[in-house]
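First up is the structure itself, then whatever we jot down about it.
None of these values were measured; they are calculated from a predicted model. Position 1 is the first residue of the sequence, and the numbers go up from there.
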Amino acid sequence: SGHGTFNGGRFFPLPHTRWSINMIAFKMEDVADAEPESLAEDDEKELSVVHPARLEKRSCAVGSALAAHFSYSRQEDGLVENTKLLARYLQWSE
């Protein structure tokens, strides 16, 4: 992540260089200079590609936690009604 080029003050990432931020915990000092307008437009792009490039740093995830993303809001009703995923997640966590 963080690979691309600036053109006229706007950053253009290389294809396939951003990553999902669904389960990421950030330190305040790492994101304090992120641009609020860019966060509102596309927070994932800003935090995983553009902001690191602006700071001339690479973005990476380091940690030992395991997380599972259950659903997006539009998927939740169907998953709760038609699967036992939440119960299975609970079993795996114990």
pair Glu35-Arg54: side-chain heavy atoms closer than 4.5 Å: yes
His51 to Ala34 - nearest heavy-atom pair and separation: CE1-N, 3.3 Å
Criterion side chain to side chain contact (heavy atoms under 4.5 Å, CB included) on Asp43 and Lys45, from CA distance to verdict: CA-CA 6 Å; Asp43 58 346; Lys45 178 180 171 185; over 6 Å; no
Neighbour count >12 (heavy atoms, 6.0 Å) for atom CD, Glu56: no
Shared hydrophobic cluster, Leu55 / Leu39 (ILVMFWY, side-chain heavy atoms < 4.5 Å): no
Met28 vs Asp30 side-chain heavy atoms within contact, under 4.5 Å: no
Sub-4.5 Å side-chain heavy-atom contact between Glu94 and Leu90: yes
Atom pair CG/CD of Asp42 and Glu37 - distance to nearest 0.5 Å: 14.0 Å
